[in-house]
Amino acid sequence: MTNIFKGIIHAHLAKNNQEIASLTEVADVKGLLEKLYPLQHEKGLIRIGPNGDGGYLVPDDLDDIQACFSPGVDKISEFELWCHKKGMEIYLADKSVDEVNLDIPKDQYGFIKKFVGCTNNEDYITLDEWVNASISNKTSDLLLQMDIEGGEYDTFINVSDNLMQRFRIMVVEFHNMHKLWNPEFFRIAEIVFNKILQTHRCVHIHPNNCWGIFTTNGVETPPFLEFTFIRKDRITSTDYARSFPHPLDYDCSSEPHMVLPKDWYKSM
């Protein structure tokens, strides 16, 4: 993408953000952010994947996870490969690609050419349907790593409570976070995050530095944020993580370096 084209898109997003800036109450936005303040995990965080885009921080609590489900296939699959070497089954899904860039035999991983979403048809599959069709064990712990370009919202709204409880760890890139000032978008995002927080706690947030930071009503928001969640029964700490970036964090792109704004964690 050329810098000129990116500049046009950025200007459009900024204009749109200004137009809706006053619509969502500041207290509502800040209240949601406070619910998402990352906690420290007693076992610490490790990095899976490359030192850049496609690499994520997760709690060092991966033993006995049966499978990694990874909707959204990129040019590199080092995260999934690491899980495979750890002994997990790995399953990938993406309608937009024909094959996966994994240097292992095809019979050692599962791939479906579908988007993950809120319905089942020729192009889409729900997370529940995908998991149930992939593994016979209905109680084992799972890992979710999801980057599906905005489809995460309707996907999570449709996930069953039972499946939410099976994901020990979830790493999800949430898109369009600067739109929290739009009441309609805020309502959907709030529903999704409240659903996640019924079963999980946030232990890390990392901004994708492919775009700049939007400031609205004094709140700084990167449009794309990578969240790491762990199931409630796997964390006992009530202490907040107060230092960002984490030493294992790396920028996702060659764009200017970005640090997680203090609005998104307990800094004091």
Side-chain angles (χ1 to χ4, degrees), residues 41-50 54-74 76-94 97 99-118 120 124-148 151-152 155-173 192 195-204 226-236:
H41 192 270
E42 48 267 38
K43 292 186 177 181
L45 303 178
I46 62 173
R47 188 176 185 89
I48 301 180
Y56 302 95
L57 270 60
V58 302
D60 190 7
D61 183 19
L62 297 161
D63 292 342
D64 301 320
I65 292 180
Q66 179 184 353
C68 168
F69 283 83
S70 183
V73 175
D74 203 348
I76 55 175
S77 298
E78 292 184 34
F79 185 99
E80 295 82 0
L81 183 60
W82 189 98
C83 293
H84 172 74
K85 292 178 178 178
K86 184 72 173 178
M88 299 181 205
E89 301 169 27
I90 52 175
Y91 300 94
L92 304 96
D94 198 318
V97 300
E99 59 183 24
V100 179
N101 184 20
L102 270 173
D103 190 23
I104 57 176
K106 290 186 176 182
D107 62 358
Q108 294 186 20
Y109 64 89
F111 171 68
I112 56 171
K113 188 176 170 57
K114 287 190 175 185
F115 295 122
V116 173
C118 63
N120 296 295
Y124 285 86
I125 190 169
T126 64
L127 207 50
D128 279 81
E129 180 69 18
W130 184 26
V131 171
N132 290 334
S134 299
I135 56 177
S136 57
N137 190 324
K138 305 304 180 185
T139 60
S140 58
D141 276 4
L142 307 172
L143 168 64
L144 176 67
Q145 187 273 307
M146 180 160 62
D147 182 2
I148 52 176
E152 59 273 9
T155 295
F156 269 116
I157 285 175
N158 194 64
V159 176
S160 69
D161 293 342
N162 179 66
L163 182 55
M164 289 293 293
Q165 288 282 5
R166 293 188 64 185
F167 287 122
R168 182 190 299 180
I169 295 171
M170 301 191 299
V171 183
V172 185
E173 179 164 294
V192 169
K195 180 174 184 176
I196 291 172
L197 293 174
Q198 287 185 144
T199 51
H200 292 73
R201 288 291 179 261
C202 179
V203 291
H204 190 62
E226 299 165 353
F227 288 81
T228 302
F229 298 97
I230 191 159
R231 201 173 58 218
K232 286 182 179 180
D233 66 307
R234 309 298 297 197
I235 184 170
T236 59

Atom CG of Asp233: over 12 foreign heavy atoms under 6.0 Å
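Enclosed.
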Tyr124, OH atom: more than 12 neighbouring heavy atoms under 6.0 Å
no
Check [X] against [Y] and note the closest heavy-atom contact, atom names and distance.
X      : Y      : result
Asp128 : Ser160 : OD2-OG, 2.5 Å
Pro59  : Val203 : CG-CG2, 3.8 Å
Met164 : Ile196 : CE-CA, 3.9 Å

How far does [atom1] of [X] sit from [atom2] of [Y], to the nearest 0.5 angstrom?
X      : Y      : atom1 : atom2 : value
Asp61  : Ile46  : CG    : CD1   : 9.5 Å
Glu80  : Tyr109 : CD    : OH    : 11.0 Å
Leu163 : Phe69  : CG    : CZ    : 8.5 Å
Glu89  : Gln66  : CD    : CD    : 4.5 Å
Leu102 : Glu78  : CG    : CD    : 10.0 Å
Ile230 : His204 : CD1   : NE2   : 14.0 Å

If you look only at pairs with a residue in residues 100-115, which of them pass as a salt bridge (Lys or Arg N to Asp or Glu O under 4.0 Å), with sequence neighbours excluded?
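Non-adjacent pairs meeting salt bridge (Lys or Arg N to Asp or Glu O under 4.0 Å): Asp98-Lys113.
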Aromatic centroids of Trp130 and Tyr91 separated by under 6.0 Å:
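No; Trp130 has its ring centre 6.0 Å or more from that of Tyr91.
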Counting the benzene-type ring for Trp, do Phe227 and Phe229 have ring centres under 6.0 Å apart?
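Between Phe227 and Phe229, the centre distance is under 6.0 Å.
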Go through the structure and list residues passing salt bridge (charged side-chain N to carboxylate O under 4.0 Å, His left out) with Asp94, not counting sequence neighbours.
none
Is the backbone N or O of [Y] less than 3.5 Å from a side-chain atom of [X], with the two atoms forming a donor-acceptor pair by type?
X      : Y      : result
Lys195 : Phe156 : yes
His41  : Arg234 : yes
Gln145 : Cys68  : no
Asp60  : Gly44  : no
Asp141 : Arg168 : no
His200 : Phe167 : yes
Lys232 : Gln198 : yes

Indicate yes or no: at least one non-hydrogen side-chain atom of [X] is less than 4.5 angstrom from one of [Y].
X      : Y      : value
Ile169 : Tyr56  : no
Leu62  : Met88  : yes
Cys118 : Thr126 : no
Leu143 : Phe79  : yes
Ile125 : Val116 : yes
Met170 : Met146 : no
Ile135 : Leu142 : yes

Full working for side-chain contact (heavy atoms from CB on, under 4.5 Å) between Lys86 and Asp63
CA-CA 8 Å; Lys86 184 72 173 178; Asp63 292 342; 3.6 Å; yes
Quick one, Glu152 with Asp147, criterion side-chain contact (heavy atoms from CB on, under 4.5 Å). Give me CA distance, side-chain angles, the key distance, then yes/no.
CA-CA 8 Å; Glu152 59 273 9; Asp147 182 2; 6.0 Å; no
Run the side-chain contact (heavy atoms from CB on, under 4.5 Å) check on Ile104 and Ile90 step by step: do they pass?
CA-CA 11 Å; Ile104 57 176; Ile90 52 175; 4.0 Å; yes
Side chains of Thr199 and Gln165 only: does a donor on one sit below 3.5 Å from an acceptor on the other?
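No.
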Can you confirm whether the side chains of Arg166 and Ser140 place a donor and an acceptor under 3.5 Å from each other?
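Arg166 vs Ser140: donor-acceptor pair found between side chains.
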Given Leu127 and Leu144, is the side-chain contact (heavy atoms from CB on, under 4.5 Å) satisfied, shown in steps?
CA-CA 10 Å; Leu127 207 50; Leu144 176 67; 4.2 Å; yes
